[in-house]
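Step one of this worksheet: look at the structure below.
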Amino acid sequence: MSLIVQKYGGTSVATAERIKAVSRRIVQTKKNGHQVVVVVSAMGDTTDNLLKLIHKITSIPPKREVDVILSTGEIVSAALLATALNSVGQKAISFTGNQIGIITDEVHTKARIIKVNCQKIQEELKKGYIVVVAGFQGTTYGNTITTLGRGGSDTTAVALAAALKAEICEIYSDVEGVFTADPRIVPQASKLRQISYEEMMELASLGAKVLHLRAIEMAHKYKIPLYVRSSFNEREGTKIV
Ligand code: ASP
Ligand code: MG
């Protein structure tokens with residue numbers, strides 16, 4: 001049975017209704033005969049709001065505590081999504097980065113993943129569970145919570161796809177794929193059906209916000225095909241290969 005990793009960004013899980021819609025898409029993937037590991041971002045503007053809250057307390061917060069606070073956003077979405085899946089009769093279980101063992105270096109707020117322990121995920125998949133993982137976070141060897149930098153849930157998804165040898169990593173957001181220019185600014189911009197890792201890395205380093213740069217680098221390194229598409233419709237997205 002093939003394994004698919006799906007990542008849903010903040011707008012895709014922004015409300016209870018959106019979370020239920022995402023759960024229907026996941027159930028469909030499972031029914032199509034795949035094992036599914038899902039990575040989620042924090043709901044909507046949660047991360048920005050948590051940062052504002054921190055800065056109401058101090059302009060120089062301890063980075064260790066910033067990471068603990070920011071990591072909660074993704075934990076809430078993961079547990080809500082697992083709850084939604086359970087409520088429609090699916091076996092689903094959520095995990096934090098710490099519970100899984102996504103090991104990172106100690107660079108708070110911009111940590112790099114060093115190692116991913118797959119054992120827990122594999123055990124649950126074998127029992128028939130859909131596994132939902134909180135994105136954007138890890139833990140150091142010293143068991144301190146870290147976050148991976150803004151937009152880092154993409155990197156969580158690709159790291160899991162690489163470690164679990166997934167067939168594909170699907171990145172769902174509110175954009176339909178990779179365009180020749182920002183479609184919000186250039187209305188004539190057209191969607192690309194396929195793009196290479198190298199071209200995508202160039203776009204990301206020029207400021208395209210479709211994918212986290214580290215996620216593309218990692219996908220390239222481990223040859224994980226990425227599929228960027230919208231969670232709001234069924235249209236074809238862009239394959240990065
Ligand atoms: N929630 C985090 C952020 O807003 C991580 C992510 O969305 O990937 O940057
Ligand atoms: Mg976000």
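Every value quoted in this text rests on a predicted model; they were computed, and no experiment measured them. Counting starts at 1 for both ligands and their atoms, in listed order.
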Checklist entry - Does ligand 1 have a heavy atom under 4.0 Å from the side chain of E74, from its backbone, from both, or from neither? => result side chain
Item to check | Check: H108 and T144 side chains under 4.5 Å, non-hydrogen atoms | outcome: yes
Checklist entry - Quick one: does G152 get within less than 4.0 Å of ligand 1, heavy atoms only? => result yes
Checklist entry - Would you say G135 contacts ligand 1, with heavy atoms under 4.0 Å as the rule? => result no
Next on the checklist: Within the 4.0 Å heavy-atom shell around R150, which atoms of ligand 1 are there?
Outcome noted: 3 (C), 4 (O), 9 (O)
Next on the checklist: Only heavy atoms of S41, strictly under 4.0 Å: list the atoms of ligand 1 that pass.
Outcome noted: 6 (C), 7 (O), 8 (O)
Would [X] count as a polar contact of ligand 1, with the cut-off being nitrogen or oxygen pairs under 3.5 Å?
{"X": "D154", "result": "no"}
{"X": "G151", "result": "yes"}
{"X": "T47", "result": "yes"}

Next on the checklist: Judged on heavy-atom distance to atom 8 (O) of ligand 1, which of G44, S153, S71 sits nearest?
Outcome noted: S153
Checklist entry - Does the side chain to side chain contact (heavy atoms under 4.5 Å, CB included) test come out yes or no for Y172 and R25, once each step is laid out? => result CA-CA 11 Å; Y172 287 93; R25 194 180 282 271; 3.6 Å; yes
Checklist entry - Between CZ of R112 and CE of M218, what distance do you get to the nearest 0.5 Å? => result 8.0 Å
Item to check | E202 atom CD: more than 12 heavy-atom contacts under 6.0 Å | outcome: no
Next on the checklist: If the condition is salt bridge (Lys or Arg N to Asp or Glu O under 4.0 Å), which residues does K191 pass it with, not counting sequence neighbours?
Outcome noted: E176
Next on the checklist: I need the full list of side-chain hydrogen bond (donor to acceptor under 3.5 Å, both in side chains) pairs touching residues 79-94, with sequence neighbours left out, sorted by first then second residue.
Outcome noted: none
Checklist entry - Taking NZ, NE, NH1 and NH2 as the nitrogens, is one of them in K120 or E123 under 4.0 Å from a carboxylate oxygen of the other? => result no
